[in-house]
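For reference, the structure is listed below as structure tokens.
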Amino acid sequence: MISPQTEKHCREFKEEKGLSMELLSDPGNRVAEQYGLVYIYPGDLKKAYLQLGIDLEKYNGDDSWRLPIPARYIIDKDHVIRYVVANADHTVRTDPEHTIRALKGMVG
């Protein structure tokens, strides 16, 4: 997983959620930007998040209020994108089994 959160917050999140996968920090959304996945929170949504105690400036270490669109990629050893699922609605997530089936179909 790649997140714009600071390394410290990535480590804390990984421990809190008991994740076994790697969680990499993408300061300033540089990697997400290369894939065209970055959006800026509008002012009213930023205000609502702050009222809920969610402060992206604190978690991400900058004041941009930019987040990546949730996405999954399978990229082969030649750097060719073989699979992608992306959805601007962060509440909609593809079942991981779908990605595993796609990966198995590429190797078998």
Side-chain angles (χ1 to χ4, degrees):
M1 286 177 43
I2 302 175
S3 169
Q5 293 184 2
T6 64
E7 287 183 38
K8 174 184 179 273
H9 283 100
C10 282
R11 268 192 314 276
E12 290 172 356
F13 181 79
K14 183 177 177 179
E15 290 171 9
E16 175 188 319
K17 301 297 182 187
L19 300 175
S20 59
M21 69 183 105
E22 291 298 317
L23 180 53
L24 305 174
S25 178
D26 179 23
N29 286 286
R30 290 187 300 257
V31 172
E33 199 165 72
Q34 290 176 6
Y35 288 88
L37 295 172
V38 178
Y39 67 95
I40 299 172
Y41 268 68
D44 56 340
L45 193 54
K46 176 181 172 180
K47 188 182 246 185
Y49 268 56
L50 287 169
Q51 288 174 344
L52 293 170
I54 301 169
D55 185 350
L56 292 183
E57 291 181 29
K58 176 180 133 189
Y59 294 120
N60 296 351
D62 66 39
D63 63 355
S64 69
W65 279 79
R66 295 172 1 125
L67 283 179
I69 292 170
R72 288 191 200 147
Y73 286 85
I74 297 175
I75 303 172
D76 71 16
K77 63 181 178 171
D78 296 319
H79 309 284
V80 175
I81 297 171
R82 299 292 180 185
Y83 168 93
V84 63
V85 174
N87 193 324
D89 182 347
H90 69 88
T91 64
V92 176
R93 304 289 172 111
T94 301
D95 189 307
E97 187 58 39
H98 184 269
T99 307
I100 292 169
R101 279 194 310 272
L103 186 57
K104 286 179 178 177
M106 291 176 204
V107 295

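The model shown is predicted, which means the values in this text are computed figures rather than measured ones.
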Exercise. With side-chain contact (heavy atoms from CB on, under 4.5 Å) as the test, would you mind laying out the steps for Leu19 and Phe13 before giving the verdict?
Key: CA-CA 8 Å; Leu19 300 175; Phe13 181 79; 3.9 Å; yes
Review item, side-chain donor-acceptor pairs of residues 33-46, under 3.5 Å, at least two apart:
residue: Glu33; atom: OE2; partner: Arg66; partner atom: NH1; Å: 2.8
residue: Glu33; atom: OE2; partner: Arg66; partner atom: NH2; Å: 3.1
residue: Tyr41; atom: OH; partner: Tyr49; partner atom: OH; Å: 3.2

I want to check something: taking the side chain as every heavy atom from C-beta on, are [X] and [Y] in contact at a cut-off of under 4.5 Å?
X	Y	result
Ser3	Leu23	yes
Met1	Met21	yes
Leu56	Asp63	no
Thr94	Arg72	yes
Pro68	Pro4	yes

Does one hydrophobic cluster hold both [X] and [Y], with members joined at side-chain heavy-atom distances below 4.5 Å?
X	Y	result
Ile74	Val80	no
Tyr83	Leu103	yes
Leu52	Leu50	yes
Ile54	Leu67	yes
Val31	Leu24	yes

Quiz prompt | Evaluation steps, side-chain contact (heavy atoms from CB on, under 4.5 Å), between Tyr73 and Ile2 | solution = CA-CA 11 Å; Tyr73 286 85; Ile2 302 175; over 6 Å; no
Quiz item: Between Asn29 and Ala32, is there a donor-acceptor pair closer than 3.5 Å when you use the side chain of the first and the backbone of the second?
Solution: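 No, the answer is negative, given that no donor and acceptor are paired below the 3.5 Å cut-off.
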Quiz item: Judged by atom type as modelled, is there a donor-acceptor pair below 3.5 Å linking the side chain of Asp76 to the main-chain atoms of Asp78?
Solution: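 Between the backbone of Asp78 and the side chain of Asp76 there is a qualifying donor-acceptor contact (under 3.5 Å).
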Quiz item: Can you tell me if CD on Glu22 sees more than 12 non-hydrogen neighbours from other groups inside 6.0 Å?
Solution: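 Result for CD/Glu22: open.
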Quiz prompt | CZ on Arg30 to OG on Ser25, rounded to 0.5 Å | solution =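 One finds 8.5 Å between OG of Ser25 and CZ of Arg30.
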Self-check item: Residue pair Asp89 / Asn87: nearest heavy atoms and the distance that separates them
Solution: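 Residues Asp89 and Asn87, closest heavy atoms: N-OD1, 2.9 Å.
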Quiz item: Does one side chain, of Thr6 or Tyr59, offer a donor that lies under 3.5 Å from an acceptor on the other?
Solution: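 The criterion, which ignores hydrogens and geometry beyond distance, is not satisfied for Tyr59 and Thr6.
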Quiz item: Are Lys8 and Glu12 within salt-bridge range, i.e. N to O under 4.0 Å?
Solution: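 Answer for the salt bridge query: yes.
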Quiz item: Can you list the residues that meet the ring-ring contact (aromatic ring centres under 6.0 Å, His included) rule with His90, with sequence neighbours excluded?
Solution: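 Once residues adjacent in sequence are excluded, His90 has no partner under the ring-ring contact (aromatic ring centres under 6.0 Å, His included) criterion.
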